[in-house]
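Counting starts at 1 for both ligands and their atoms, in listed order.
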Amino acid sequence: MKIGFIGLGIMGTPMAAHLAAAEHTVRGYDVVPEAVDKLVAAGGSAAKSVADAVDGAEVVITMLPNHPQVEQVVLGEGGVLESAKPGALLVDMSTIRPETSIEVAKVAAEKDIRVLDAPVSGGEAGAKQASLSIMVGGEDWDFAAAKPLLEAMGKTIVHVGPHGAGQVVKAANQLVVGGIYALVGEAIVLMEGCGVDAGTGLDVLAGGLAANRILDLKRESMVARRFEPGFRIDLHHKDMGIAMAAARQADVSLPMTGLVTQLVAAARAMGHGSLDHSALLKVTEQLSGRA
Ligand code: NAD
(Lines give C-alpha, C1' and ligand atoms only; values in the text may rest on other atoms or scores of the structure.)
Protein backbone atom coordinates (compact mmCIF):
# COMPACT_ATOMS: atom_id res chain seq x y z
CA MET A 1 0.00 0.00 0.00
CA LYS A 2 1.02 3.59 -0.50
CA ILE A 3 1.19 5.18 2.94
CA GLY A 4 1.84 8.77 4.03
CA PHE A 5 3.15 8.86 7.62
CA ILE A 6 3.22 12.17 9.52
CA GLY A 7 4.87 12.54 12.94
CA LEU A 8 8.11 10.59 13.21
CA GLY A 9 8.92 10.91 16.90
CA ILE A 10 9.69 8.31 19.56
CA MET A 11 6.69 6.22 18.46
CA GLY A 12 6.17 7.21 14.83
CA THR A 13 9.64 6.32 13.57
CA PRO A 14 9.64 2.64 14.62
CA MET A 15 5.98 2.26 13.61
CA ALA A 16 6.62 3.66 10.13
CA ALA A 17 9.76 1.50 9.87
CA HIS A 18 7.67 -1.65 10.49
CA LEU A 19 5.33 -0.66 7.66
CA ALA A 20 8.30 -0.14 5.33
CA ALA A 21 9.70 -3.53 6.41
CA ALA A 22 6.33 -5.08 5.51
CA GLU A 23 6.94 -3.93 1.92
CA HIS A 24 4.59 -0.95 1.97
CA THR A 25 5.65 2.28 0.30
CA VAL A 26 6.02 4.71 3.20
CA ARG A 27 6.54 8.41 2.63
CA GLY A 28 7.20 10.23 5.90
CA TYR A 29 7.09 13.82 7.07
CA ASP A 30 8.06 15.51 10.34
CA VAL A 31 8.84 19.14 11.14
CA VAL A 32 12.19 17.87 12.47
CA PRO A 33 14.31 16.86 9.44
CA GLU A 34 16.52 14.41 11.43
CA ALA A 35 13.37 12.42 12.27
CA VAL A 36 12.69 11.96 8.54
CA ASP A 37 16.30 10.83 7.99
CA LYS A 38 15.73 7.97 10.45
CA LEU A 39 12.76 6.73 8.41
CA VAL A 40 14.79 6.92 5.21
CA ALA A 41 17.51 4.82 6.88
CA ALA A 42 14.78 2.28 7.75
CA GLY A 43 13.53 1.93 4.16
CA GLY A 44 10.98 4.75 3.84
CA SER A 45 11.25 7.89 1.76
CA ALA A 46 11.33 11.57 2.72
CA ALA A 47 8.47 13.99 2.08
CA LYS A 48 9.03 17.75 2.11
CA SER A 49 5.61 18.63 3.52
CA VAL A 50 2.34 17.15 4.72
CA ALA A 51 0.92 17.57 1.20
CA ASP A 52 3.94 15.79 -0.26
CA ALA A 53 3.56 12.84 2.14
CA VAL A 54 -0.16 12.54 1.45
CA ASP A 55 0.00 12.93 -2.34
CA GLY A 56 -1.43 9.75 -3.91
CA ALA A 57 -1.50 7.86 -0.60
CA GLU A 58 -4.20 5.24 -0.04
CA VAL A 59 -3.68 5.45 3.71
CA VAL A 60 -2.42 8.40 5.79
CA ILE A 61 -1.19 7.75 9.33
CA THR A 62 -0.63 10.54 11.85
CA MET A 63 1.33 10.10 15.11
CA LEU A 64 1.44 13.60 16.58
CA PRO A 65 1.75 14.96 20.12
CA ASN A 66 -1.72 16.42 20.77
CA HIS A 67 -4.94 17.78 19.26
CA PRO A 68 -3.57 21.19 18.12
CA GLN A 69 -0.98 19.41 15.95
CA VAL A 70 -3.61 16.99 14.61
CA GLU A 71 -5.93 19.90 13.80
CA GLN A 72 -3.11 21.74 12.04
CA VAL A 73 -1.86 18.73 10.07
CA VAL A 74 -5.29 17.37 9.15
CA LEU A 75 -7.62 20.37 8.95
CA GLY A 76 -5.11 23.19 8.37
CA GLU A 77 -3.89 24.86 5.20
CA GLY A 78 -1.92 22.41 3.06
CA GLY A 79 -3.14 19.68 5.41
CA VAL A 80 -4.28 16.10 4.91
CA LEU A 81 -7.86 16.93 3.95
CA GLU A 82 -6.72 19.40 1.30
CA SER A 83 -4.22 16.99 -0.18
CA ALA A 84 -5.51 13.43 0.22
CA LYS A 85 -7.30 11.76 -2.66
CA PRO A 86 -11.03 11.02 -2.23
CA GLY A 87 -11.57 7.61 -0.67
CA ALA A 88 -8.26 7.70 1.21
CA LEU A 89 -8.22 6.41 4.78
CA LEU A 90 -6.77 8.58 7.57
CA VAL A 91 -5.68 6.64 10.66
CA ASP A 92 -4.88 9.02 13.50
CA MET A 93 -2.79 7.09 16.03
CA SER A 94 -2.03 10.12 18.24
CA THR A 95 -3.54 10.30 21.73
CA ILE A 96 -5.94 13.24 21.67
CA ARG A 97 -9.30 14.26 23.14
CA PRO A 98 -12.23 12.22 21.77
CA GLU A 99 -14.16 15.29 20.58
CA THR A 100 -11.36 16.22 18.16
CA SER A 101 -11.42 12.69 16.69
CA ILE A 102 -15.19 12.98 16.22
CA GLU A 103 -14.87 16.44 14.62
CA VAL A 104 -12.06 15.32 12.28
CA ALA A 105 -14.15 12.35 11.12
CA LYS A 106 -17.13 14.62 10.45
CA VAL A 107 -15.17 17.21 8.45
CA ALA A 108 -13.26 14.48 6.57
CA ALA A 109 -16.49 12.70 5.56
CA GLU A 110 -17.55 15.87 3.71
CA LYS A 111 -14.42 15.41 1.57
CA ASP A 112 -14.92 11.68 1.13
CA ILE A 113 -11.96 10.88 3.38
CA ARG A 114 -12.54 8.00 5.82
CA VAL A 115 -11.12 8.29 9.35
CA LEU A 116 -10.23 6.02 12.26
CA ASP A 117 -8.93 7.06 15.68
CA ALA A 118 -6.39 4.40 16.64
CA PRO A 119 -4.33 5.42 19.68
CA VAL A 120 -1.82 2.94 21.01
CA SER A 121 -0.45 1.58 24.26
CA GLY A 122 2.80 -0.26 24.86
CA GLY A 123 5.30 2.58 24.83
CA GLU A 124 8.51 2.91 22.91
CA ALA A 125 9.34 -0.77 23.53
CA GLY A 126 5.97 -1.81 22.08
CA ALA A 127 6.52 0.42 19.04
CA LYS A 128 9.99 -1.03 18.43
CA GLN A 129 8.84 -4.63 18.88
CA ALA A 130 5.60 -4.13 16.88
CA SER A 131 3.67 -5.35 19.90
CA LEU A 132 1.46 -2.32 20.54
CA SER A 133 -2.12 -2.52 21.77
CA ILE A 134 -4.25 -0.49 19.38
CA MET A 135 -7.77 0.68 20.27
CA VAL A 136 -9.74 1.72 17.25
CA GLY A 137 -12.78 3.96 16.87
CA GLY A 138 -14.70 4.29 13.59
CA GLU A 139 -16.65 2.27 11.05
CA ASP A 140 -16.40 -1.55 10.79
CA TRP A 141 -15.37 -1.58 7.12
CA ASP A 142 -12.62 1.00 7.67
CA PHE A 143 -11.32 -1.02 10.61
CA ALA A 144 -11.25 -4.11 8.37
CA ALA A 145 -9.33 -2.17 5.72
CA ALA A 146 -6.77 -0.83 8.23
CA LYS A 147 -6.28 -4.07 10.18
CA PRO A 148 -3.48 -5.56 8.04
CA LEU A 149 -1.48 -2.34 8.46
CA LEU A 150 -2.16 -2.16 12.18
CA GLU A 151 -0.99 -5.78 12.47
CA ALA A 152 2.43 -4.68 11.21
CA MET A 153 2.70 -2.37 14.25
CA GLY A 154 0.78 -4.11 17.02
CA LYS A 155 -0.44 -7.37 18.53
CA THR A 156 -3.71 -6.55 20.31
CA ILE A 157 -5.88 -4.69 17.82
CA VAL A 158 -9.47 -4.11 18.83
CA HIS A 159 -12.34 -2.16 17.30
CA VAL A 160 -13.85 -0.59 20.41
CA GLY A 161 -16.70 1.52 18.97
CA PRO A 162 -17.57 4.57 16.85
CA HIS A 163 -15.38 7.62 16.17
CA GLY A 164 -13.76 8.82 19.41
CA ALA A 165 -14.19 5.49 21.22
CA GLY A 166 -10.53 4.59 20.65
CA GLN A 167 -9.56 7.80 22.46
CA VAL A 168 -11.90 7.08 25.37
CA VAL A 169 -10.32 3.64 25.83
CA LYS A 170 -6.87 5.21 25.63
CA ALA A 171 -7.85 7.74 28.35
CA ALA A 172 -8.90 4.79 30.53
CA ASN A 173 -5.56 3.12 29.78
CA GLN A 174 -3.63 6.23 30.79
CA LEU A 175 -5.36 6.69 34.11
CA VAL A 176 -4.55 3.08 34.99
CA VAL A 177 -0.91 3.45 33.89
CA GLY A 178 -0.52 6.72 35.81
CA GLY A 179 -2.00 5.16 38.95
CA ILE A 180 0.32 2.16 38.77
CA TYR A 181 3.40 4.36 38.31
CA ALA A 182 2.35 6.43 41.34
CA LEU A 183 1.94 3.30 43.46
CA VAL A 184 5.17 1.62 42.32
CA GLY A 185 6.92 4.89 43.24
CA GLU A 186 5.30 4.81 46.67
CA ALA A 187 6.36 1.17 47.14
CA ILE A 188 9.98 2.13 46.38
CA VAL A 189 9.93 5.13 48.75
CA LEU A 190 8.38 3.01 51.51
CA MET A 191 10.90 0.18 51.21
CA GLU A 192 13.89 2.52 51.02
CA GLY A 193 12.50 4.58 53.91
CA CYS A 194 12.36 1.41 56.01
CA GLY A 195 15.89 0.39 55.01
CA VAL A 196 14.75 -2.51 52.82
CA ASP A 197 16.36 -3.07 49.41
CA ALA A 198 13.69 -1.85 46.96
CA GLY A 199 15.03 -3.83 43.97
CA THR A 200 14.79 -7.10 45.87
CA GLY A 201 11.38 -6.16 47.25
CA LEU A 202 9.98 -5.33 43.80
CA ASP A 203 11.27 -8.66 42.46
CA VAL A 204 8.93 -10.36 44.94
CA LEU A 205 6.03 -8.05 44.11
CA ALA A 206 6.48 -8.86 40.42
CA GLY A 207 5.82 -12.54 41.15
CA GLY A 208 2.67 -12.07 43.26
CA LEU A 209 -0.76 -10.45 43.00
CA ALA A 210 0.86 -7.02 42.55
CA ALA A 211 2.51 -8.19 39.30
CA ASN A 212 2.03 -5.86 36.36
CA ARG A 213 3.78 -4.83 33.12
CA ILE A 214 5.19 -1.65 34.66
CA LEU A 215 6.92 -3.67 37.37
CA ASP A 216 8.24 -6.01 34.67
CA LEU A 217 9.56 -3.29 32.38
CA LYS A 218 10.46 -0.40 34.66
CA ARG A 219 11.31 -1.53 38.17
CA GLU A 220 15.05 -1.68 37.55
CA SER A 221 15.25 1.74 35.91
CA MET A 222 13.04 3.30 38.60
CA VAL A 223 15.14 1.94 41.47
CA ALA A 224 18.27 3.14 39.61
CA ARG A 225 16.59 6.57 39.02
CA ARG A 226 17.03 6.39 35.25
CA PHE A 227 14.26 8.50 33.79
CA GLU A 228 15.17 9.06 30.14
CA PRO A 229 11.93 8.87 28.05
CA GLY A 230 10.06 6.62 26.94
CA PHE A 231 6.87 8.47 27.53
CA ARG A 232 7.32 12.00 28.75
CA ILE A 233 5.59 13.45 31.83
CA ASP A 234 4.40 16.31 29.56
CA LEU A 235 2.47 13.83 27.39
CA HIS A 236 1.04 12.01 30.40
CA HIS A 237 -0.07 15.39 31.82
CA LYS A 238 -1.95 15.91 28.53
CA ASP A 239 -3.52 12.45 28.83
CA MET A 240 -4.67 12.94 32.44
CA GLY A 241 -6.31 16.17 31.26
CA ILE A 242 -8.12 14.20 28.54
CA ALA A 243 -9.31 11.64 31.11
CA MET A 244 -10.55 14.32 33.53
CA ALA A 245 -12.36 16.23 30.78
CA ALA A 246 -13.99 13.02 29.49
CA ALA A 247 -15.10 12.17 33.04
CA ARG A 248 -16.64 15.61 33.45
CA GLN A 249 -18.46 15.31 30.15
CA ALA A 250 -19.76 11.85 31.05
CA ASP A 251 -20.89 13.07 34.51
CA VAL A 252 -18.80 10.49 36.37
CA SER A 253 -16.52 10.91 39.37
CA LEU A 254 -12.98 9.50 39.23
CA PRO A 255 -11.31 10.42 42.54
CA MET A 256 -8.16 8.32 42.04
CA THR A 257 -7.69 9.79 38.58
CA GLY A 258 -8.03 13.26 40.12
CA LEU A 259 -5.24 12.53 42.58
CA VAL A 260 -2.93 11.04 39.96
CA THR A 261 -3.64 14.02 37.69
CA GLN A 262 -2.35 16.32 40.43
CA LEU A 263 0.76 14.18 41.02
CA VAL A 264 1.58 14.29 37.30
CA ALA A 265 0.97 18.07 37.31
CA ALA A 266 3.34 18.35 40.29
CA ALA A 267 6.04 16.41 38.43
CA ARG A 268 5.69 18.86 35.56
CA ALA A 269 5.70 21.89 37.85
CA MET A 270 8.92 20.58 39.44
CA GLY A 271 10.54 20.74 36.01
CA HIS A 272 10.38 17.03 35.17
CA GLY A 273 8.14 17.37 32.09
CA SER A 274 10.72 16.00 29.68
CA LEU A 275 11.52 12.96 31.86
CA ASP A 276 9.86 9.56 31.56
CA HIS A 277 6.53 9.19 33.41
CA SER A 278 8.24 6.79 35.82
CA ALA A 279 9.72 10.04 37.26
CA LEU A 280 6.45 10.33 39.22
CA LEU A 281 8.65 8.63 41.83
CA LYS A 282 10.42 11.99 42.24
CA VAL A 283 7.18 13.63 43.41
CA THR A 284 6.71 11.03 46.14
CA GLU A 285 10.35 11.46 47.17
CA GLN A 286 9.88 15.23 47.34
CA LEU A 287 6.69 14.88 49.40
CA SER A 288 8.62 12.58 51.73
CA GLY A 289 11.55 14.99 52.15
CA ARG A 290 13.82 12.50 50.40
CA ALA A 291 14.59 14.28 47.13
P1 NAD B 1 7.13 12.73 20.04
O2 NAD B 1 7.05 14.13 20.54
O3 NAD B 1 8.38 11.95 20.20
O4 NAD B 1 6.73 12.68 18.48
C5 NAD B 1 5.82 13.55 17.85
C6 NAD B 1 6.43 13.98 16.53
O7 NAD B 1 5.50 14.82 15.84
C8 NAD B 1 7.73 14.80 16.70
O9 NAD B 1 8.77 14.21 15.96
C10 NAD B 1 7.35 16.17 16.17
O11 NAD B 1 8.42 16.84 15.56
C12 NAD B 1 6.25 15.82 15.19
N13 NAD B 1 5.38 16.96 14.88
C14 NAD B 1 4.84 17.85 15.73
N15 NAD B 1 4.09 18.74 15.05
C16 NAD B 1 4.17 18.39 13.75
C17 NAD B 1 3.62 18.93 12.55
N18 NAD B 1 2.84 20.01 12.58
N19 NAD B 1 3.91 18.33 11.38
C20 NAD B 1 4.71 17.22 11.34
N21 NAD B 1 5.27 16.68 12.45
C22 NAD B 1 4.99 17.25 13.63
O23 NAD B 1 5.90 11.97 20.72
P24 NAD B 1 5.68 10.40 20.82
O25 NAD B 1 6.18 9.94 22.15
O26 NAD B 1 6.10 9.73 19.58
O27 NAD B 1 4.07 10.38 20.95
C28 NAD B 1 3.22 10.60 19.83
C29 NAD B 1 1.79 10.35 20.28
O30 NAD B 1 1.66 9.00 20.73
C31 NAD B 1 1.34 11.24 21.43
O32 NAD B 1 -0.01 11.59 21.28
C33 NAD B 1 1.53 10.35 22.65
O34 NAD B 1 0.67 10.72 23.70
C35 NAD B 1 1.21 8.99 22.08
N36 NAD B 1 1.86 7.85 22.74
C37 NAD B 1 3.17 7.88 23.09
C38 NAD B 1 3.75 6.79 23.73
C39 NAD B 1 5.20 6.78 24.18
O40 NAD B 1 5.57 5.89 24.96
N41 NAD B 1 6.04 7.70 23.74
C42 NAD B 1 2.98 5.65 23.99
C43 NAD B 1 1.65 5.62 23.58
C44 NAD B 1 1.09 6.73 22.95
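Of the protein's non-hydrogen atoms, the one nearest atom 4 (O) of ligand 1 is G9 CA, 3.2 Å. The nearest heavy-atom contact from the protein to atom 21 (N) of ligand 1 is V31 N, 3.4 Å. Nearest non-hydrogen protein atom to atom 38 (C) of ligand 1 is F231 CD1, 3.2 Å. Protein heavy atom in closest approach to atom 29 (C) of ligand 1: L64 O, 3.4 Å. Nearest non-hydrogen protein atom to atom 2 (O) of ligand 1 is R232 NH2, 2.9 Å. In this structure, atom 24 (P) of ligand 1 lies nearest to the protein heavy atom M11 CG, 3.9 Å. Scanning the protein heavy atoms around atom 18 (N) of ligand 1, the nearest turns out to be V73 CG2, 3.5 Å. Of the protein's non-hydrogen atoms, V120 O, 3.4 Å is the one closest to atom 43 (C) of ligand 1.
When heavy-atom distances to ligand 1 are checked against a 4.0 Å cut-off, T95 comes that close through both its backbone and its side chain. At a 4.0 Å heavy-atom cut-off, ligand 1 touches P65 through backbone and side chain alike.
Taking distance alone, with nitrogen or oxygen atoms compared against 3.5 Å, V50 stays at or beyond that limit from ligand 1.
The option with the heavy atom closest to atom 15 (N) of ligand 1, from among E34, Q69, K170, K238, is Q69. Among D30, D239, N66, the residue whose heavy atom lies nearest to atom 12 (C) of ligand 1 is D30.
The aromatic rings of H159 and F143 lie parallel to each other, with less than 30° between the two planes, well short of the 60° mark.
Taking a 4.0 Å cut-off on heavy atoms, A35 fails to register as neighbouring ligand 1.
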